[in-house]
Number of protein chains: 2
Amino acid sequence: MDTRTLCLGALSLCDATGYDIKKLFEEAFSHFFSAGYGSIYPALEKLTEEGKVSCRRQEQEKRPDKKIYSLTEAGRAALVEELVNTPPREKLRSEFLVLMFFAHLLPPPRLTEMLQQRLDESRAVLKILEDLDRREGMPPGIKFTIQYGLATTKAAIECIEAYHESLPREVYGGHF
Amino acid sequence: MDTRTLCLGALSLCDATGYDIKKLFEEAFSHFFSAGYGSIYPALEKLTEEGKVSCRRQEQEKRPDKKIYSLTEAGRAALVEELVNTPPREKLRSEFLVLMFFAHLLPPPRLTEMLQQRLDESRAVLKILEDLDRREGMPPGIKFTIQYGLATTKAAIECIEAYHESLPREVYGGHF
DNA sequence: TCGCTCATGTAACGTGTTACATGATTAA
DNA sequence: TTAATCATGTAACACGTTACATGAGCGA
């Protein structure tokens, strides 16, 4: 599943510009998918060529023109087909865990710093998810992705905190 | 952080062949990193050129020759430097959650099947981790990666099971 | 006999990341 | 004045995935 499919998915929710889609990716999809402009804009162009999305140009004062994309019927069909044929995989790529795996090779202050950074980022993700969780009227599938994100992120945070508790304070300074 | 660094890491544990490294990736690293032969063998070759690993050939009867790689001092230094300079990121790529996000577009039987598949795979990961967890004498950093994997995987499984409980049984058949 | 394990590798392909380029508006 | 937001895009590069190629031994 690539950025193109995710763009179709985003447009199945509502019409949007490339810029809007990027923002959606950073909010609702942030904990399980990411893509930059470098893959979004080319994706939208290709989808337009293939007739899966249509594009209308909206002029703006004081701003560059917007290109607002809409899902076509062909696009919706392509999206559904892609979804039905995609196996429900999940792959984590964690530099953090690699670092922890080789923690014995790292200077202790670096280890502490690293744990703190990961904790900060995890808490930031948690915050985004908690905000999403407060919104109402979402389909159960979307709610599920939020619950799943909340549950796994909380588990991760607790795990890091527990590890911290186990670090000898007199060695590592104790401020965390 | 790429396959090359992970190969250095693997070789910091003990000498190994490309084949051995792949197996290590599938066991100890499976829940946070993956790589196929297509990236491991070229990585080892390049590391040899760079003097970060050395290679001795072991002839075998009845088997093709083995190439056993060892980390050099330069390689160990490169590994540590890479580790120290790598930010502790973590990125999930979940086709499963994408599918769930757009669950309202899927036929209900496909949804059920999908949940079952993910549950099976998560339980398989859990089993690997539980086996690892039984081993003794591991450095705390490695133990941590296992605990982290266990905690997040259990959270994910509980989440899927809870969602299943909420599905109306008369509609979805009730066997899960 | 079938499939798994051991063992190495190549080549094409697909995909994403990063840095660059542009530029006005607006809130702090 | 600084940084952020809005808004689009390109090009080079890095990287990983997949399929292919080879082949013997061994246990069920």
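Chain letters run A, B, ... following the sequence lines, proteins first, then strands; residues in each count from 1.
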*Asks:* Could you state the CZ-P distance from R89(B) to dG16(C), rounded to the nearest angstrom?
*Replies:*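 It is 18 Å, rounded to the nearest whole Å.
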*Asks:* So what does K91(A) touch, heavy atoms closer than 4.0 Å: a base, only the sugar-phosphate, or nothing?
*Replies:* sugar-phosphate
*Asks:* I need the OH-C1' distance between Y41(B) and dT18(D), as an integer number of Å.
*Replies:*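 The distance from OH of Y41(B) to C1' of dT18(D) comes to 16 Å, rounded to the nearest Å.
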*Asks:* Should F29(A) and Y41(A) be counted in the same cluster of Ile, Leu, Val, Met, Phe, Trp and Tyr side chains packed under 4.5 Å apart?
*Replies:* no
*Asks:* Would you give the length of the straight line joining atom OH of Y69(B) to atom CG of D15(B), rounded to the nearest 0.5 angstrom?
*Replies:* 12.0 Å
*Asks:* Need to verify one output field. Residue with the more 5' nearest nucleotide on DNA chain C, G18(B) or G36(A)?
*Replies:*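 Residue closer to the 5' terminus by nearest nucleotide: G18(B).
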*Asks:* Counting only side-chain heavy atoms from C-beta out, which of dA7(C), dG9(C), dT17(C) sits nearest to S34(A)?
*Replies:* dT17(C)
*Asks:* Counting side-chain heavy atoms from C-beta on, which of dT15(C), dT17(C), dA7(D) comes nearest to D2(A)?
*Replies:* dT15(C)
*Asks:* Atom CZ of R118(A) and atom CZ of R89(B): how far apart are they, to the nearest 0.5 Å?
*Replies:*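 R118(A) CZ to R89(B) CZ: 9.5 Å, rounded to 0.5 Å.
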*Asks:* Could you tell me the separation between the CG atom of D65(B) and the P atom of dG25(D), rounded to a whole number of Å?
*Replies:* 14 Å
*Asks:* Is G38(A) touching bases, backbone alone, or none of the nucleic acid, heavy atoms closer than 4.0 Å?
*Replies:*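 Base contact.
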*Asks:* Measure centre to centre between the rings of Y148(A) and F96(B), then say whether the value is under 6.0 Å.
*Replies:*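 Yes, they do, as the ring centres are separated by less than 6.0 Å.
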*Asks:* Would you say the side chain of M1(B) lies within less than 4.5 Å of the side chain of F33(B), judging by non-hydrogen atoms?
*Replies:*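 Side-chain contact under 4.5 Å: no.
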*Asks:* Write down the distance between CG (L24(B)) and P (dA7(C)), rounded to a whole number of angstrom.
*Replies:* 15 Å
*Asks:* For the side chain of K67(B), counting heavy atoms from C-beta on, which of dT8(D), dA7(C), dT8(C) is nearest?
*Replies:*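 Nearest listed nucleotide: dT8(C).
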*Asks:* Tell me which nucleotide among dA7(D), dA7(C), dG16(C) gets nearest to the side chain of T3(A).
*Replies:*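 Closest of the options to the side chain of T3(A): dG16(C).
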*Asks:* A side-chain contact here means heavy atoms from C-beta on lying under 4.5 Å apart; do L92(B) and H31(A) qualify?
*Replies:*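 No. Closest side-chain heavy atoms not under 4.5 Å.
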*Asks:* Closest to the S39(B) side chain: dT8(D), dG16(D), dA7(C)?
*Replies:*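 It is dG16(D).
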*Asks:* By nearest atom, which of the nucleotides dT8(D), dT5(C), dT17(C) is closest to the Y37(A) side chain?
*Replies:* dT8(D)
*Asks:* Tell me what K23(B) touches on the nucleic acid: a base, only sugar-phosphate, or nothing, going by heavy atoms under 4.0 Å.
*Replies:*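 It contacts sugar-phosphate atoms only.
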*Asks:* Side chain of R93(A), heavy atoms from C-beta onward: which of dG16(C), dG16(D), dG9(D) has the nearest atom to it?
*Replies:* dG16(D)
*Asks:* In whole Å, I'd like the distance from the NZ atom of K66(A) to the P atom of dA7(D).
*Replies:* 4 Å
*Asks:* Within less than 4.0 Å of OP1 or OP2 of dA7(C), is there a side-chain N or O belonging to Q60(B)?
*Replies:* yes
*Asks:* Between R4(A) and E49(A), is there a salt bridge with N-O shorter than 4.0 Å?
*Replies:* no
*Asks:* I need the residues from residues 42-59 of chain A with at least one non-hydrogen atom less than 4.0 Å from DNA chain C; give them sorted by number, or say none.
*Replies:*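 Within this stretch, nothing sits under 4.0 Å of the strand.
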*Asks:* Atom CD1 of I21(B) and atom C1' of dA7(C): how far apart are they, to the nearest Å?
*Replies:* 13 Å
*Asks:* Can you check the L6(B) CG to dC15(D) P distance for me, whole Å?
*Replies:* 13 Å
*Asks:* Do K67(A) and L44(A) come close enough that some side-chain heavy atom pair is under 4.5 Å?
*Replies:*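 The answer is no, as the side chains (C-beta and beyond) never meet within the 4.5 Å cut-off.
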*Asks:* Round to a whole Å and report the spacing from OH of Y19(B) to P of dG23(D).
*Replies:*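 Nearest whole value for this atom pair: 18 Å.
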